[in-house]
Amino acid sequence: MRKKTLADLTEHYWKNTCLWVGLAFLASCATKEVPPTGYPAVSIPKSKNKVVHKYDWTTDHMHVGVRWQPFAIPGNDAYDATRPVIAKDSSYAQFWVSWAQAEPDIENTDYKNHMSDYLRAIDDAVYACAAQGVKTELVFWHCPAWASVSGKEGPWKPKTDEYSAFVTRIAKHFKGRVESYQLFHEANMRSMLEDGDIDFLISEIFIKGAKAVRRVYQAAPARSVLVSTSGASPCDACPTLAGLEGKGAVAARDYFRRLASNKELMGLVDTLNINVSDHFNGYGMMDGGIIPSVWDSYDLVRKTLDENGHRGKKILSSESWIVWDSSINAVDVNGDGVKNEKDAYDKTVTILGKCVERGLNTINLPWSDNESSWSMGLTKRRDYNGRIKQLARGKVIPAEDQGPDIVTTKMGLKGTDCDFKIKKADESFKIKDYINPPDPNHLHYYVWRWYAQIAGGTDEVIRHAMAGEEGNDIAVAGPGWTGNEHYKIASYNRTKKTFTVLVYSGGANDKSWTHVSIPSTIQNGKYYNNEFSKVNFRGEGFPEGAKYKARIITKNISRETGQDVDVSVSKSKTLKVVDGKLTVPVVNMNKFTAIEFYRVE
């Protein structure tokens, strides 16, 4: 069992916060139904929520967060809302909204009187995020039977104008709380639109859907909003959407070309999207040629946008995942003969490093283990009210942070907080698959959390310098910048007026040094902070001659426990901006280094 860290203590704090919120504001379950060792039922009271709106989300802002799919059990979702992975570490949360489940019957289009339980769970979770200043994004998919041409529920094309009517209802309901919408999911796959084609997708879903969101958000009181299209599935063998050229990666390339070449569509959306995953080879390979990795997918879309005259358009993450178990979808990327959480650790270092360094300004991973047949959660599911232990004592173990027990296998829960039953689920993992069983988090969570610093939680943070960009580079030089794998990423925290630089150096060993230097003000960038930006941030930062210091934390992250090891915390002497640069030495450099530049008088 590892030594408790600040994150562990924070987890314990948030657990108790959730408990007291439940006790203070909400009615408990009926006495006979309350688990004897558990807590009363908890939900998120809308009347108690406020919306914390610190800034408008633009494509120059950076976000690292989670994909959160609420369990639709109010107490479970309320507890999850207080876990550090959402409440402390994330800057945004992405929610998938299945139209078929949000509005299963036509009466469910009346949100005031007949909101579905599914949509209510998302509604409550969005309230929880908005109350904490966590930005939110909705992603749409599927169609209810009553709205489809075929009369069938699922991946079927909707009747004319029904989709845009749905988007209008959703946008009106969530306006002021949701700031980003993705209009579809894995749109290159036939299994997402069985009886439609690329022309229908662009005209009926993307163009009409984008117009619907814009109309709602432009109406008084006008609010800022981001609108994007859909990522592409990395499945090379899967049947592709009708009308696309070829199959697999060829069809995916054609899909992005079709979007980028449509002037009406590109005039309505802010970004295109890519899936970010460890598909096939552990690093998002599709075909090994056109798309050999997920970061090559980013490069393909960036090139396609540039070729079509859209340098001002950005790329955001759609669905993202990294598998941590030993299932068929997992890959032994480190070659140790075992597929486990160490592989997820390594994949997270590489995938987030490659993609964010290149310019991907949003990235998310699933918040927790859930009922999916794949195991992708950053955190483990917890017995938030003690009922799982009451029903199946052998399925939980005590947590090292003294909070609710850890659930040791994949499971589904059906019912309410007071009476839910455990339903059968694909047991793709068991306790033997946990590298550190009593830890509430999986190993790759700690790598994700290190990268999440670049987005600053609920602070307003924008992209700063870009690795390798002339006149706007992140310069890292010295023997500590070594190894087969290294990344450098920079941001500017407009809330705190500080710059952050993350440096990963795979060969650093606590013995060597580097010098790190970045521009002291936001520069005119090729893709970020330029003439296409909605808000002009250029020139913000530290002027020539300004005094500053740097706070440096260089460390390793244990591949066994996720604990910070070999930690060195230092503060520079007072320095001055010279030639428009912030520069600081890093001595005894380890693999994971975070530098914060801040002004002093």
Side-chain angles (χ1 to χ4, degrees), residues 58-65 91 228 231-232 234 249 252-253 256 260 270-279 281-286 290-308 310-322 346-365 447-448 450-455 461-476 481 483-492 500-506 518-519 522-523 525-530 532-533:
T58 75
T59 55
D60 287 317
H61 287 91
M62 297 192 75
H63 286 289
V64 178
S91 64
S228 58
R253 179 177 60 189
F256 289 117
D270 300 284
T271 79
L272 297 186
N273 312 87
I274 63 168
N275 276 28
V276 178
S277 77
D278 61 354
H279 178 74
N281 69 336
Y283 297 110
M285 175 186 287
M286 195 164 187
I290 297 171
I291 304 178
S293 69
V294 62
W295 51 92
D296 289 297
S297 179
Y298 178 89
D299 291 345
L300 170 67
V301 179
R302 183 68 268 165
K303 179 182 178 182
T304 303
L305 285 169
D306 291 350
E307 289 174 344
N308 285 273
H310 300 302
R311 182 166 62 87
K313 300 295 182 181
K314 311 300 193 296
I315 305 164
L316 300 184
S317 171
S318 52
E319 180 183 12
S320 303
W321 75 84
I322 290 174
D346 293 332
K347 290 182 289 186
T348 304
V349 167
T350 302
I351 291 172
L352 269 64
K354 293 275 191 183
C355 291
V356 179
E357 182 184 67
R358 270 172 164 74
L360 189 66
N361 261 15
T362 66
I363 197 160
N364 64 82
L365 292 177
V447 177
W448 168 90
W450 181 78
Y451 278 112
Q453 296 175 91
I454 202 67
V461 174
I462 60 173
R463 172 76 69 166
H464 182 34
M466 294 281 291
E469 187 169 292
E470 186 175 354
N472 193 31
D473 194 8
I474 306 165
V476 182
W481 179 243
N484 295 325
E485 192 170 7
H486 31 66
Y487 310 108
K488 47 186 180 178
I489 308 163
S491 67
Y492 179 61
T500 297
V501 180
L502 297 184
V503 179
Y504 176 80
S505 179
I518 59 172
I522 303 298
Q523 301 295 295
K526 182 177 181 180
Y527 295 117
Y528 292 100
N529 302 306
N530 52 32
F532 302 108
S533 296

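Annotation for Ser317 and Leu360: closest pair N-CD1, 3.8 Å, computed over non-hydrogen atoms. Minimum heavy-atom separation, Ser297 to Ile274: OG-CG2, 3.8 Å. Across all non-hydrogen atoms, the minimal contact from Ile291 to Gly284 is CG2-O, 4.3 Å. Closest approach of Val294 and Asn275 over heavy atoms only: CG2-O, 3.3 Å.
Ring-plane geometry between His279 and Trp321 is classed as perpendicular, the angle between the planes exceeding 60 degrees on a 0 to 90 degree scale with a lower cut at 30.
With hydrogens and angles disregarded, no donor-acceptor distance shorter than 3.5 Å links the side chain of Asn308 to the backbone of His310. Judged purely by atom type and a 3.5 angstrom limit, Ser91 has no side-chain atom pairing as donor or acceptor with the backbone of Gly65. Under the 3.5 Å distance criterion, the side-chain polar atoms of Glu357 are matched with a main-chain donor or acceptor of Lys488. Between the side chain of Tyr492 and the backbone N or O of Ala465 there is no donor-acceptor pair closer than 3.5 Å. Although no hydrogens or angles enter the test, the distance criterion places no donor-acceptor pair under 3.5 Å between the side chain of Tyr298 and the main chain of Lys354. Remark: side-chain polar atoms of Trp448 are not paired, donor with acceptor, to backbone N or O of Asn364 under 3.5 angstrom. Listed for the Glu307 side chain is no donor-acceptor partner under 3.5 Å among the backbone atoms of Thr304. Looking at Asp473, its side chain does come within 3.5 Å of a backbone N or O of Gly468 through a donor-acceptor pair.
With respect to Arg463, the side-chain hydrogen bond (donor to acceptor under 3.5 Å, both in side chains) criterion is satisfied by exactly one of Asn529, Asn361, Asp60: Asn361.
Electrostatic pairing of Asp306 and Arg302 counts as a salt bridge here, judged by a charged N lying under 4.0 Å from a carboxylate O.
Both tests do not hold together for Lys314 against Tyr527: distance to the six-membered ring centre under 6.0 Å, angle to the ring axis within 45°.
In this structure, CE in Met62 is found 11.5 Å from NE2 in His464, a value given to the nearest 0.5 Å. Atom CG of Leu365 and atom OG of Ser277 lie 10.5 Å apart (nearest 0.5 Å). To the nearest 0.5 Å, atom CG of residue Leu352 and atom CD1 of residue Ile454 are 11.5 Å apart. Expressed to the nearest 0.5 Å, how far OG of Ser293 lies from CD1 of Ile351 amounts to 9.0 Å.
Using modelled atom types and a 3.5 Å distance limit, the side chains of Asp270 and Thr59 yield no donor-acceptor pair. Glu485 and Thr350 are linked by a side-chain donor-acceptor pair at a separation below 3.5 angstrom, with hydrogens and angles left out of the test.
Every residue two or more places apart in sequence or in another chain that forms a ring-ring contact (aromatic ring centres under 6.0 Å, His included) with His61 is listed here: Tyr55, Phe537. Residues satisfying the ring-ring contact (aromatic ring centres under 6.0 Å, His included) test with Phe256, not counting sequence neighbours, are none.
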